[in-house]
Peer 1: 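Mind looking over this structure? Questions follow.
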Amino acid sequence: MKKIYKAHILYTKEPSRFEVIENGYVAVDDDGHVAGVSADLSSLNSEGAKVIDFGDRLLIPAMNDMHVHAPQVRNQGVAMDMELLPWLENYTFPEESKYSDIHYAESMYRRFLHTQWLFGTMRSCVFGTIHTESTRLLMKLYQEAGMGALVGKVAMNRHCPEALCEDVVAAVEGNERLIAEFNQPNALVRPIITPRFVPSCTPELLKACGELASKYHLPVQSHLSENTSEIAWVAELEPESKSYGDAYNRYGLFGQTPTIMAHCVWTDGNELELMKRNNVMVAHCPTSNYNLASGMAPVRTFLENGLRVGLGSDISGGHDLNMFRMLVYAIQVSKMHYQYDRKKHFLTMPEVFWIATKSAGSFFGKVGSFEPGYEFDALVIDDSVLNFDNYTLLERLERFVYLGDDRQILFRFCRGKVVAEPSII
């Protein structure tokens, strides 16, 4: 049965402004797609529809986390005084090695999904580990929860502990097992090809990843130009490449299929032009970039050059799974960047909201807006505890973004269905 939801509706068709419909209506078809949005119920085809009135609540698109490491959930808020490479060696790799134990993996992955659910993140681009069975478990948990995700079995075979080093044949076989089970058209949970980053993958493994992406028409995710030491290391390992991005490009991992690269803190020049030409998306991870002393990504430059940008929590380099906080952090980082380059104006609330919803959602299809034809990923916000004065609807949303938390999220929808609280046990 078609459903029509009544509430105060706020979303962004474009980055410059919010669409605001006081006491508006969103009609959702049986297949979970938006049929129409209006201030007037009579303008929608409501015959036979069930009308659900959320009263004085806000109805907004759900959040998308475009770069997150699920197996690092235990390390949130730990080792925040290290830079990238020592942090990987001393904390991240030892933790990820534990995921050979499927029982440990289930305990941690359930906790991770529950926290995402709390904060209204309904779609994610997720790194697992090299372990095929643990990665399969993570994908099954997303399926059971009814939350959307592109989940990657991580590929790595050099410059890592022996427990996380997998030969090329095993990496391909493991990926193909997951592809055979999960790569279904229009599925909410699908595989994504995931070389960890160039330093951890030999040319043979990078080539194999590119071939998998091409053969099965799968998207790609990895890390790019996060840290200056990392960039210098890539230049040594891939001397024939013109840039870090070009190293991926030479192996068919840079826009040949839909591609998202995390960080891009130091991306400019030829690398930026290549990203633009190949339509590579940026996952901006502001908390991680600060915590690991990586720098400040030039998001305004990306937007001016027509690059698609989303936001990522990047736990546990980042410390926070609340994507609404990423909107705040992205604005704050851009304000610091503005102090160094006054020609690059800092980001505004409608811009970061659009980045987190419609721009990010484009990686999953038509996700992140309430325009007709979009999948209905949505949150119902009861901000009454924050709304103690005569605030406008835009002020109410801004206050929730800056001050609110999971206690104000009443309902979570993914592809038109209410997503119930996932079990931790």
Side-chain angles (χ1 to χ4, degrees), residues 11-15 26 28-29 31-34 60-70 113 116-117 119-128 135 138-139 141-153 178-179 182-194 213 216-222 255-262 278-285 307-314 321 323-324 326-327 352-379 412-419:
Y11 64 106
T12 44
K13 287 183 182 178
E14 55 193 39
V26 177
V28 181
D29 285 330
D31 64 0
H33 289 76
V34 175
I60 62 173
M63 290 291 104
N64 306 290
D65 191 339
M66 304 309 292
H67 182 69
V68 61
H69 293 262
L113 256 72
Q116 284 200 309
W117 176 87
F119 294 127
T121 299
M122 293 292 106
R123 309 268 180 153
S124 305
C125 288
V126 189
F127 280 58
T135 304
L138 178 58
M139 299 177 84
L141 291 175
Y142 268 112
Q143 283 184 333
E144 292 170 12
M147 295 158 60
L150 294 168
V151 180
K153 169 183 156 57
L178 297 175
I179 291 165
F182 293 98
N183 191 29
Q184 307 301 322
N186 301 315
L188 270 175
V189 182
R190 296 181 61 228
I192 182 169
I193 301 303
T194 308
Y216 296 103
H217 309 288
L218 287 172
V220 171
Q221 63 177 351
S222 196
Q256 290 78 9
T257 61
T259 301
I260 184 162
M261 288 284 161
N278 289 12
N279 195 27
V280 174
M281 190 173 190
V282 176
H284 175 42
C285 306
L307 269 64
R308 289 185 300 158
V309 181
L311 297 179
S313 66
D314 192 30
L321 273 169
M323 292 307 298
F324 288 104
M326 294 310 122
L327 276 68
V352 294
F353 195 90
W354 175 84
I355 287 170
T357 56
K358 187 174 180 179
S359 178
S362 67
F363 200 72
F364 304 101
K366 297 187 78 172
V367 171
S369 179
F370 294 149
E371 297 163 69
Y374 274 71
E375 297 183 45
F376 187 67
D377 286 18
L379 306 175
R412 301 148 178 87
F413 293 85
C414 185
R415 196 178 278 175
K417 294 183 179 179
V418 175
V419 180

Peer 1: To the nearest 0.5 Å, what is the distance between CG on Asn64 and NZ on Lys358?
Peer 2: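 Atom-to-atom, Asn64:CG and Lys358:NZ are 13.0 Å apart.
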
Peer 1: Can you see which heavy atom on Ser124 is nearest to which on Val68, and at what distance?
Peer 2: CB-CG1, 4.4 Å

Peer 1: Report the residues that fulfil ring pair (Phe, Tyr, Trp, His ring centres under 6.0 Å) with Tyr142, sequence neighbours left out, ordered by chain and then residue number.
Peer 2: none

Peer 1: Atom CG in Leu307, atom NE2 in His284: separation rounded to 0.5 Å?
Peer 2: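 Interatomic distance, Leu307 CG to His284 NE2, rounded to 0.5 Å: 13.5 Å.
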
Peer 1: Checking Ala213 now: which residues fulfil side-chain contact (heavy atoms from CB on, under 4.5 Å) with it, not counting sequence neighbours?
Peer 2: Ile193, Val220, Thr257

Peer 1: Quick check for you: to the nearest 0.5 Å, what is the distance between Lys153 atom NZ and Thr135 atom OG1?
Peer 2: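 Output value for this atom pair is 6.0 Å.
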
Peer 1: To the nearest 0.5 Å, what is the distance between NE2 on His217 and CD on Gln256?
Peer 2: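 One gets 13.5 Å once the value is rounded to the nearest 0.5 Å.
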
Peer 1: Enter the distance from Leu327:CG to Ile355:CD1 here, rounded to the nearest 0.5 Å.
Peer 2: 8.5 Å

Peer 1: Would you say the side chain of Phe119 lies within less than 4.5 Å of the side chain of Met63, judging by non-hydrogen atoms?
Peer 2: no

Peer 1: How close do Thr357 and Ala62 get, heavy atom to heavy atom, and via which atoms?
Peer 2: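 In terms of heavy atoms, the two residues are closest at CG2-O, 3.8 Å.
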
Peer 1: Looking at side-chain heavy atoms only, is the closest gap between Phe364 and Met66 below 4.5 Å?
Peer 2: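 Phe364 vs Met66: side chains touch.
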
Peer 1: Just wondering, do Phe363 and Ile192 contact through their side chains at under 4.5 Å, heavy atoms?
Peer 2: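 A side-chain contact exists here, since the closest heavy-atom pair is under 4.5 Å.
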
Peer 1: Look up atom CG in Asn183 and atom OH in Tyr216, then write down how far apart they are to the nearest 0.5 Å.
Peer 2: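 Answer rounded to 0.5 Å: 9.0 Å.
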
Peer 1: Go through Phe353 and Ile60 one step at a time and tell me if the side-chain contact (heavy atoms from CB on, under 4.5 Å) criterion holds.
Peer 2: CA-CA 10 Å; Phe353 195 90; Ile60 62 173; 4.0 Å; yes

Peer 1: Identify the two heavy atoms, one from Gly120 and one from Arg412, that lie closest to each other, and give their separation to 0.1 Å.
Peer 2: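 Taking Gly120 first and Arg412 second, the nearest heavy atoms are N-NE, 4.3 Å.
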
Peer 1: Using the salt bridge (Lys or Arg N to Asp or Glu O under 4.0 Å) criterion, which residues pair with Arg415? Sequence neighbours excluded.
Peer 2: Glu375

Peer 1: Using the side-chain hydrogen bond (donor to acceptor under 3.5 Å, both in side chains) criterion, which residues pair with Asn279? Sequence neighbours excluded.
Peer 2: none

Peer 1: Is there side-chain contact between Leu188 and Met147, with at least one heavy-atom pair below 4.5 Å?
Peer 2: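 No. Closest side-chain heavy atoms not under 4.5 Å.
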
Peer 1: With a 4.5 Å limit on heavy-atom distance, are the side chains of Ser359 and Met281 in contact?
Peer 2: yes

Peer 1: Which of parallel (below 30°), tilted (30 to 60°) and perpendicular (above 60°) describes His67 and Phe127?
Peer 2: perpendicular

Peer 1: Which pair of heavy atoms, one from Glu371 and one from Ser369, lies closest together, and at what distance?
Peer 2: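 Answer, listing the atom of Glu371 first, then Ser369: OE2-OG, 2.8 Å.
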
Peer 1: Heavy atoms only: give me the nearest Val126-Ala70 pair and the separation to one decimal.
Peer 2: CG1-CB, 3.7 Å

Peer 1: Output all residues satisfying side-chain hydrogen bond (donor to acceptor under 3.5 Å, both in side chains) with Ser362, sequence neighbours left out; order by chain, then residue number.
Peer 2: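 Partners of Ser362 under the side-chain hydrogen bond (donor to acceptor under 3.5 Å, both in side chains) test: Arg308.
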
Peer 1: With side chains defined as the heavy atoms from C-beta onward, is the minimum distance between Thr259 and Asn278 less than 4.5 Å?
Peer 2: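 Side chain of Thr259 against side chain of Asn278, heavy atoms only: no contact under 4.5 Å found.
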
Peer 1: Taking side-chain hydrogen bond (donor to acceptor under 3.5 Å, both in side chains) as the test, write out the residues that go with Ser313, two or more places apart.
Peer 2: Asp65

Peer 1: For Glu14, check salt bridge (Lys or Arg N to Asp or Glu O under 4.0 Å) against everything at least two apart and list the hits.
Peer 2: Arg17

Peer 1: Under the side-chain contact (heavy atoms from CB on, under 4.5 Å) rule, collect the residues that match up with Val28, sequence neighbours excluded.
Peer 2: Tyr5, Val26, Phe376

Peer 1: Do Val367 and Met122 make a side-chain contact, defined as non-hydrogen atoms from C-beta onward lying under 4.5 Å apart?
Peer 2: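 Not in contact.
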
Peer 1: State which residues pass salt bridge (Lys or Arg N to Asp or Glu O under 4.0 Å) with Asp377; sequence neighbours excluded, sorted by chain then number.
Peer 2: Arg123

Peer 1: What pairs with Tyr11 under side-chain hydrogen bond (donor to acceptor under 3.5 Å, both in side chains), at least two apart in sequence or on another chain?
Peer 2: none

Peer 1: So which heavy atom on Cys414 is nearest to which on Gly146, and how close?
Peer 2: CB-O, 3.4 Å

